Amino acid sequence: ASSQRLVTDLLVYASEHFEAEMQMAMQAGIDTTAHSRLHHGLLAQIIEMQMTMSASNAVVPRRLLASWITDHIDVHDRALVAAMHNRPVI
């Protein structure tokens, strides 16, 4: 798959995943304001990457993506899940 297609697929997946995650958190009574800002930040980065790639046919900066995604999942999503289950972050 082309780099542009990969970024487009990532944008679609991230949007759907974030929406589902926010729905679960809201159903659990969690204030999602701060976490939602993180999601919007990642989506903005993906959109910016998509526009840059369209203009220059650049490659996907995998290190940036991997770092952001693993940090978000390992730190922020772990805290969100712990809050949903009303227990401390491990």
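Only a predicted model underlies this, so the values are computations on that prediction, with no experimental measurement involved.
Atom CD of E16 and atom CD of E19 lie 10.0 Å apart (nearest 0.5 Å). Note that CG of L38 and OG1 of T32 are 11.0 Å apart. Values are rounded to the nearest 0.5 Å.
The only member of M84, M22, H35 that meets side-chain contact (heavy atoms from CB on, under 4.5 Å) when paired with I30 is M84.
Applying the side chain to side chain donor-acceptor pair (under 3.5 Å) test to T33 and every residue at least two apart in sequence or in another chain returns D31. Shown here are the side chain to side chain donor-acceptor pair (under 3.5 Å) partners of H76, two or more places apart in sequence or in another chain: there are none.
Q27 and Q23 form no side-chain donor-acceptor contact under 3.5 Å, judged by distance and modelled atom types alone.
By the rule that hydrophobic residues join a cluster once side-chain heavy atoms approach within less than 4.5 Å of another member, I47 and L42 end up as members of one cluster. Tracing side-chain contacts under 4.5 Å through hydrophobic residues (I, L, V, M, F, W, Y), one reaches L43 starting from I73; they form part of the same cluster. In the hydrophobic cluster analysis, where Ile, Leu, Val, Met, Phe, Trp and Tyr join through side-chain heavy atoms closer than 4.5 angstrom, L11 is grouped apart from Y13.
You'll find the side chain of H72 reaches within 4.5 Å of the side chain of D77, heavy atoms only. Looking at R78 and V81, their side chains never come closer than 4.5 Å, going by heavy atoms from C-beta outward.
No close placement of the H17 and H39 rings is indicated, their centers lying 6.0 Å or farther apart.
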